[in-house]
Amino acid sequence: MSNKKRNWKPQTALVHSGTLRSGFGETSEAMYLTQGYVYQTAQAAEARFKGEEPGFIYSRYANPTVDMFEKRMCALEGAEDARATASGMAAVTAALLCSVKAGDHIVAARALFGSCRWVVETLAPRYGIEATLVDGTDIANWEKAVRPNTRLFFLESPTNPTLEVVDIAAVAALANSIGARLVVDNVFATPLQQKPLQLGAHIVVYSATKHIDGQGRCLGGVILSDKKWIDENLHDYFRHTGPSLSPFNAWTLLKGLETLPLRVRQQTESAGKIADFLAEQSQIARVIYPGRADHPQAEIVKKQMSGGSTLICLDVNGGKQAAFALQNALDIVLISNNLGDAKSLITHPATTTHKNLSDEARAELGIGPGTLRLSVGLEDTDDLLEDIAQALKAAK
Ligand SMILES: *Cc1c(COP(=O)(O)O)cnc(C)c1O
């Protein structure tokens with residue numbers, strides 16, 4: 001039943017889509033921990049290698065458990081095809097490198113996850129691919145950066161850590177007008193609250209390490225696009241360079257997908273309440289939260305996102321010392337640079353995730369000495385509010 005095309009809503013698709021049931025009829029998805037596959041005859045092996053018979057050949061190419069994860073992600077995203085990767089960065093790197101060649105030009109929003117910025121700014125130029133980084137919140141900046149050889153646009157929205165929002169449909173339209181492609185890193189929005197492909201993006205990437213696992217267990221990533229792009233641009237790169245996801249991690253992520261809607265809904269609801277609470281505190285200079293009316297791009301949020309966010313960005317009065325004091329006074333909320341987890345996590349970007357940027361680059365992104373990023377977990381909302389309130393008092 002599970003492989004038929006059905007108009008399931010996300011919550012149903014995330015429990016059933018893509019399931020490959022073995023002859024034993026197991027309820028839960030099987031974990032196929034195998035590198036290779038055996039063939040009944042030499043002729044069968046030949047036919048499979050020729051592509052004349054369906055079936056698995058080698059787990060660097062494809063594996064049944066990984067296949068279930070990819071199919072379930074396609075159902076959620078509304079994508080034709082997907083490739084799962086060992087980490088989010090493997091997904092980003094593959095999506096970018098398979099979209100360009102030497103002599104091409106990339107335009108990217110400058111507010112990028114640190115490693116994404118390194119791939120665009122440092123790695124790509126080594127292979128003759130130039131990149132221009134822009135303030136992505138104004139479409140005019142994207143237009144100005146276009147060159148005759150611009151082949152690719154890349155953005156993240158909402159961004160890390162200041163939760164800036166980029167107008168995906170506007171950038172997609174610009175990409176289409178010059179025959180370029182748009183890659184969207186959709187980690188912060190989650191596949192439930194923003195659908196980049198429906199907004200015109202060509203390729204979507206995730207770090208499945210974040211909300212998709214959501215329970216701090218393993219790394220993973222996924223690239224989703226149309227079948228033609230994957231066949232023509234990603235397929236061979238993927239087979240021959242080996243960024244493949246392990247079947248064990250694919251299984252973990254599959255189980256994560258089953259509860260993703262419940263977790264994201266709960267985390268977003270709590271985050272909205274916590275953001276409103278923080279905005280009223282005299283020790284907090286600024287709260288940036290995509291669900292609030294005072295978000296700098298509230299109009300675009302309304303246009304392209306169906307929910308708020310599980311993340312909150314806040315500026316504490318008193319700079320680094322006050323931000324550190326607040327972090328250290330928290331009891332439930334843990335100090336960690338991960339996000340999307342069942343456990344609430346807080347980080348100080350200037351000294352952790354964004355420490356490698358220059359002071360000017362950090363200032364451009366709105367990351368100050370008092371900036372904190374809070375990833376809201378699955379704990380009881382009232383317990384979290386109480387913890388934050390006591391920490392603010394203690395840090396005074
Ligand atoms: C975490 C993250 C990545 C990288 O993912 P890994 O799984 O850690 O490799 C890329 N982009 C964004 C927005 C992220 O949050």
Side-chain angles (χ1 to χ4, degrees), residues 66 69 73 82-97 106 108-124 133 136 153-166 168 182-194 196 201 203-224 241-246 248-250 252-253 256-257 260 264 267 271 288 290 305 309-313 336-341 343 345-347 349 352-357 365 367 373-377:
V66 177
F69 172 64
M73 281 303 304
R83 289 290 184 278
T85 55
S87 69
M89 282 320 303
V92 170
T93 306
L96 297 183
L97 293 185
I106 300 174
R110 67 189 178 197
L112 289 177
F113 184 75
S115 298
C116 298
R117 194 157 162 162
W118 183 85
V119 170
V120 169
E121 254 188 330
T122 307
L123 183 67
L133 293 179
F153 294 87
F154 178 45
L155 66 88
E156 189 184 309
S157 181
T159 63
N160 177 31
T162 49
L163 306 176
E164 270 179 6
V165 169
V166 181
I168 296 173
L182 168 61
V183 176
V184 174
D185 180 338
N186 205 37
V187 167
F188 272 52
T190 82
L192 294 160
Q193 296 182 338
Q194 182 167 274
I203 301 156
V204 181
V205 291
Y206 288 99
S207 164
T209 312
K210 310 296 165 53
H211 303 82
I212 292 173
D213 172 43
Q215 288 148 89
R217 300 167 296 193
C218 68
L219 298 173
V222 61
I223 307 159
L224 300 117
T241 68
S244 333
L245 180 64
S246 86
F248 182 88
N249 289 356
T252 309
L253 298 171
L257 284 178
L260 181 70
V264 169
Q267 286 168 280
I288 310 173
M305 291 182 73
S309 175
T310 66
L311 292 128
I312 303 166
C313 181
S336 173
N337 47 284
N338 197 12
L339 63 98
D341 199 89
K343 294 176 172 63
L345 307 174
I346 196 161
T347 193
T352 61
T353 55
H354 291 70
K355 80 163 178 36
N356 289 337
L357 292 182
L365 299 179
I367 303 168
R373 185 193 75 196
L374 173 62
S375 169
V376 177

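We count ligands from 1, going down the list as the structure has it; atoms in each ligand are counted the same way. Below, each value reflects all heavy atoms present in this structure, side chains not excepted, and no hydrogens, waters or symmetry copies.
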Should you measure from each heavy atom of [X], which atoms of ligand 1 turn up under 4.0 Å away?
| X | answer |
| --- | --- |
| Ser207 | 1 (C), 2 (C), 3 (C), 4 (C), 5 (O), 6 (P), 7 (O) |
| Gly88 | 5 (O), 6 (P), 7 (O), 9 (O) |
| Ser87 | 7 (O), 9 (O) |

Legend entry - Among His211, Lys210, Met89, Glu156, closest by any non-hydrogen atom to atom 9 (O) of ligand 1: Met89
Legend entry - The one among Thr209, Asn338, Thr93 that brings a heavy atom closest to atom 7 (O) of ligand 1: Thr209
Between the main-chain N or O of [Y] and the side-chain N or O of [X], is there a donor-acceptor pair closer than 3.5 Å?
| X | Y | value |
| --- | --- | --- |
| Thr85 | Gly221 | yes |
| Gln267 | Asp341 | yes |
| Asn249 | Ala86 | no |

Legend entry - Side-chain heavy atoms of Met89 within contact of Val119, under 4.5 Å: yes
Legend entry - Nearest non-hydrogen protein atom, atom 4 (C) of ligand 1: Phe113 CE2, 3.4 Å
Inset, instruction - Please round to the nearest 0.5 Å and tell me the distance separating atom CG of Asn160 and atom CZ of Arg373. - result: 4.5 Å
Inset, instruction - Return yes when Asp185 approaches ligand 1 closer than 4.0 angstrom through a heavy atom, no otherwise. - result: yes
Legend entry - For Ala250, side-chain contact (heavy atoms from CB on, under 4.5 Å) partners two or more places apart: Thr65, Val66, Phe69, Leu245
